[in-house]
Amino acid sequence: MRYDFNTIERKWQDYWAKNQTFKAENHSDKPKYYVLDMFPYPSGAGLHVGHPLGYIASDIYARYKRHQGFNVLHPQGYDSFGLPAEQYAIQTGQHPAITTEENIKTYRRQLDQIGFSFDWSREVRTSDPKYYKWTQWIFIQLFNSWYNNDANKAEDISELVKIFEAEGNANVNAASDDAIEIFTAEDWNSFSSEKQQEILLQYRLTYLAETEVNWCPALGTVLANDEIVNGVSERGGHPVIRKKMTQWSMRISAYAERLLQGLETIDWTDSLKESQRNWIGKSVGASVIFPVIPTERSGEESHEISVFTTRPDTIFGVSFMTLAPEHELVSLITTPEQKAEVDAYVEATAKRSERDRMADVKTITGAFTGAYAEHPFTKEPIPIWIGDYVLAGYGTGAVMSVPCGDQRDYDFAKHFNIPIPNIFEGVDISEEAFADKDNTVIANSDFLNGLNYKKATKKIIEELEKLGLGEGKTNYRLRDAVFSRQRYWGEPFPVYYVNGMPQMIDAQYLPITLPEVEKYLPTETGEPPLGNATVWAWDTKNNKVVSNDLVTEAPEVTGENQVASSTSATTDNGIYPLELNTMPGWAGSSQYFNRYMDPHNEDEIFSQEAINYWQQVDLYIGGSEHATGHLLYSRFWQKFMFDKGLVPYDEFAKKLINQGMILGTSAFVRRLDGVYFEDDKGVMKGAYNVSSNIYLSEGRVSNQAFLKELLLNLKEENPKITNEKVFDNLDKNYKICLRKGIHADVSFVNASDELDIEAFKNWQPEFKDAEFICEEDGTFKVSREVEKMSKSKYNVVNPDNICEQYGADSLRLYEMFLGPLEQYKPWNTAGITGVHSFLKKLWKLYNDDNGLKVNDEEPSKDSLKTLHKTIKKVQEDIENFSFNTSVSTFMIAVNELTAQKCISKEILEPLLILISPYAPHIAEELWSQLGHQESIAMAPFPQFDEKHLVESSKNYPISFNGKMRFTMELPLDMGKDDIEKAVLANEKTQEQLQGRTPKKVIVVPGKIVNIVG
RNA sequence: GCUGAAGUGGUGGAAUUGGUAGACACGUUGGACUUAAAAUCCAAUGGCCAUUAUGGCCGUGCGGGUUCAAGUCCCGCCUUCAGUACCA
């Protein structure tokens, strides 16, 4: 009987689907275990072999846990809102929902053919209204909450209103906007409803505020900090500028400390935790207030500059202040004499994109405002400068500049000839600043003299507090996250506006589904795509979405005085415009892991019963690229839900593993369209275009004599083929080099790097008339390079082809065999024959030409030993997520059992359970051949028994001065002295010693003997 | 610059607390079977030297150190990858 993997795999995939083998129940006597993958965005390109890596690993773990007797939850779904479907819609007019549906079908087919043990009955899709109803619901919960810093948790906004009504806001310690006016209870009660709403908005966990955002003009939307890489958009690489806009934000900053502390309680990789720590960016120091000295012109209006510093101990070293050019005080304090210069500078910096600013951090620029601040202690006037090395977005956007202690301040001071007073004892600051706080002794600093960093910091904070000009403060880099996007294909906000103030739609009327639009582009007036919708207003009387035409024009709110417009007399009919923005990509992925626990619940986000049963994710596997996005936002929402009493744990994933990327092996065809020269030191000597359509096989490229001759021949045929200088260089005997080459589709290339020339010629018109210079054996070879797998590099390997040619079990085994899960490693299809022939050998262990050959024969001692060492190793490997080594272990086991001619069921039956998590199809098939009616999926994992591994003797390595020379078989129960005697008596030992007496003999029983001579 | 991870044959990688470096595969070479190919099987395969088998020397990025013994531990470098970056 042949190993017909295609038939077998289809058969068992159908069986699992039909019998719902992997459906998880929310009630069980078994202990629970939750294994989760990061759900995919269903892109149009489908899966390549790199995508399933993490899914295979988690599937092995899930299957293993089932064998261990756990009730396993292993769901899968789709993160199906997103940009590509929308951009496709803009180009073709096709509704993103249709594209998404098609892509999901492809994904599902591809996932199914790999044989994952997902419980598909729990599938979620973020773009499904039944799902995003709950995303909208959480948004409303966030809106209705504020963060109480005293209680250190989120509380209902009604609690805050109660406090305001009773005592105003003077004693409220909340995470909120910095600049909220202080009011009394009487004030509050006398405020208009609008005013009250405006104030509350500044406390809510999601709030509408004018903030400086990252605006990407090319994408027509704002982006979050984590969506920008190197100053350009993560998607598409478009420039990003800073712009003030009114946007929804999430007050994640309220959770900064808890997000930091929580990292200590979870088993995530160190690098990932470190990324999150950096992103949160905690720094401890002090805030200090520097009063601005009034000038004649500014009159009595007083200003103060608040700064944050981690080195308050250096305050006597301050010789100037620097404000970010965008700082609001700049225009208020600049003197008339300096106005022109300052304005010019502010304008110049505003024009520079984030990227330009990052590209040239070396150039020092700035301007003097003409104003001075007063030093809190010396009362000396300190000049106030502006400079773009101070960032508006960090701290207060202003710094106290201590040039002797900070290199940037130092450079700025040097550049503008500002004094650099030294406040450190015994330190030379003539060349650079002294920033080593651990070796600091403060000098020239009044009451701080002689103190070290720690003592001086403590002392200065006390003094600042006495003066009321500062206090100890902890600052976080973490900014509130912008939550609105000017896009179509995302969750609509459950929000409408009355007099410009946002109102939540009552949760019972959710979901608010995406409206139909004609065009997916922004409107002509620059509104988001939802501005094109004609049925997009909220009828508060009938609680439904109605046509925009019905909206009564509301009076404009302008500042403090409401100026009634001419049409404002119209009676309010209770129909208001809905929010035009949609939610960002991370909205839907920030709570999906909990929804899987109870995915079809229409009354609640999940039942308390379900969440209390599954609790949290036990194992989460996914890519490290989500370190500061999804994985931070999800932790934030989970902590919020924990505060609201909705979830039992404030961390959603106990353990997290990042799988590495599988890289592609690109194939390059060398075209003689340009040459460059290198001298013998590898220095480039000149590069020139060559107008030829000649393609060179890789072996030819390295043949210098051949290349030279080829170029000379070309010259003869057509002197104008290239620059004359090429031939000058040829005479100088420089090394002739060709460009890297052009990507050829890897499907045209076989395992020996030979190109299918015909296929390549027919691929693109430009290759039609190409001339190929092959190797001497007539083949044409490509050069290879490892790169990220991508369509544009033509190095994508499709798992469909692999499954068809070798089977899903081979694919699964090979992906694991490639190397450690977390590591980046190149894909090489040729290597799959190794695991494929292993599966064939495995099959042959059970079957010969006449069918099943397994019987009830007593197993040999050797076979029992093979089995039990395999059980031990595989179990350890799975628990350590070392899947690559267990594939080797299987190979060794099958090789040994084949050599032992083992046909004993007592061995071969448990072996199948060991292999089943890795290669479930073949395991099921052989399991059923052995007579089982039930799936192997729940068969108990074999018990390891030490007794089969007990040895009576050990093949001791005998080394001389640490070098192993020969081995000696000795009984394991032999004592140290006897071993020494036996070894010394051996003639080979005498041979090695050549008559010398050993100085020392080290005997480690059971391990090694080392003779020092 | 800072933070994190890594560097082992031609290639992917293995080596659990320091104890036989290169498991298991790929590739390559030779052989068997075959008209031939595929498939399968057998043998060899870190480098160098020697050879009649037995052998010898060198080898885990580089330079030191600890130890009877170092891929593994310590010190100092180099390189690569990833993240982050004027964070006050």
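Throughout, protein chains are lettered first and strands after them, A, B, ... in sequence-line order, and every chain is numbered starting at 1. The basis for the numbers below is simple: all heavy atoms, side chains too, and nothing from hydrogens, waters or symmetry mates.
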Please tabulate the protein-to-nucleotide N/O contacts below 3.5 Å involving nucleotides 40-51 of chain B, giving atom names and distances.
from: B:U40; atom 1: OP1; to: A:K840; atom 2: NZ; distance (Å): 3.4

Query raised in the report: Taking the same atom, C1', in B:G71 and in B:G18, what whole-Å distance lies between them?
Result: 10 Å
Query raised in the report: Are A:Y806 and A:Y814 near enough that their ring centres are under 6.0 Å apart?
Result: no
Requested in this report: For A:E787 and A:S666, run side chain to side chain donor-acceptor pair (under 3.5 Å): C-alpha distance rounded to whole Å, both residues' side-chain angles, the deciding distance at 0.1 Å, then the answer.
Outcome: CA-CA 7 Å; A:E787 296 179 296; A:S666 301; 2.5 Å; yes
Give me the distances for all protein-to-nucleotides 10-12 of chain B N/O pairs that come in under 3.5 Å?
from: B:G12; atom 1: O2'; to: A:L818; atom 2: O; distance (Å): 2.5

Please tabulate the protein-to-nucleotide N/O contacts below 3.5 Å involving nucleotides 57-60 of chain B, giving atom names and distances.
from: B:C57; atom 1: OP2; to: A:R965; atom 2: NH1; distance (Å): 3.2

Report task. Please tell me which of A:T885 and A:I832 maps to the more 5' nucleotide of RNA chain B, matching each residue to the nucleotide holding its nearest heavy atom. Result -> A:T885
Query raised in the report: Which dot-bracket notation, 5' to 3', represents the base pairing of RNA chain B when pairs are defined as Watson-Crick or G-U with both distances under 3.5 Å, crossing pairs as [ ], and inter-strand pairs as |?
Result: (((((((..(((......[....)))((((((.......))))))((((.....))))..(((((..]....))))))))))))....
Report summary line: Of A:S271 and A:A398, the one whose nearest nucleotide on RNA chain B sits closer to the 5' end is A:S271
Are there any protein N/O atoms within less than 3.5 Å of an N/O atom in nucleotides 65-71 of chain B, and if so, which ones and at what distance?
from: B:C68; atom 1: O2'; to: A:N1010; atom 2: ND2; distance (Å): 3.0
from: B:C68; atom 1: O2; to: A:N1010; atom 2: ND2; distance (Å): 2.8

Report task. Consider the side chain of A:P820, meaning its heavy atoms from C-beta on, and name the nucleotide among B:G13, B:C86, B:C24 that approaches it most closely. Result -> B:G13
Query - Residues in salt bridge (Lys or Arg N to Asp or Glu O under 4.0 Å) contact with A:E980, at least two apart in sequence or another chain - result: none
Query raised in the report: Using the purine O4'-C1'-N9-C4 or pyrimidine O4'-C1'-N1-C2 torsion, is B:G9 syn (within 90° of 0) or anti?
Result: syn
Query - Distance (rounded to the nearest 0.5 Å) between A:L259 CG and A:S253 OG - result: 10.0 Å
Query - Residues A:E264, A:K273; criterion salt bridge (Lys or Arg N to Asp or Glu O under 4.0 Å); working and verdict - result: CA-CA 9 Å; A:E264 307 299 325; A:K273 287 187 187 179; 5.9 Å; no
Query raised in the report: Taking only side-chain nitrogens and oxygens of A:N884, does any of them come within less than 4.0 Å of OP1 or OP2 of B:C24?
Result: no
Query - Electrostatic pair A:E876:A:K873 at N-O distance under 4.0 angstrom - result: no
Query raised in the report: Between A:E951 and A:K865, is the closest basic N to carboxylate O distance under 4.0 Å?
Result: yes
Query raised in the report: Under 4.0 Å between a side-chain N/O of A:R477 and OP1 or OP2 of B:A88, yes or no?
Result: no
**Report entry** A:K853 side-chain N/O to A:D848 backbone N/O, donor-acceptor pair under 3.5 Å
**Finding:** no
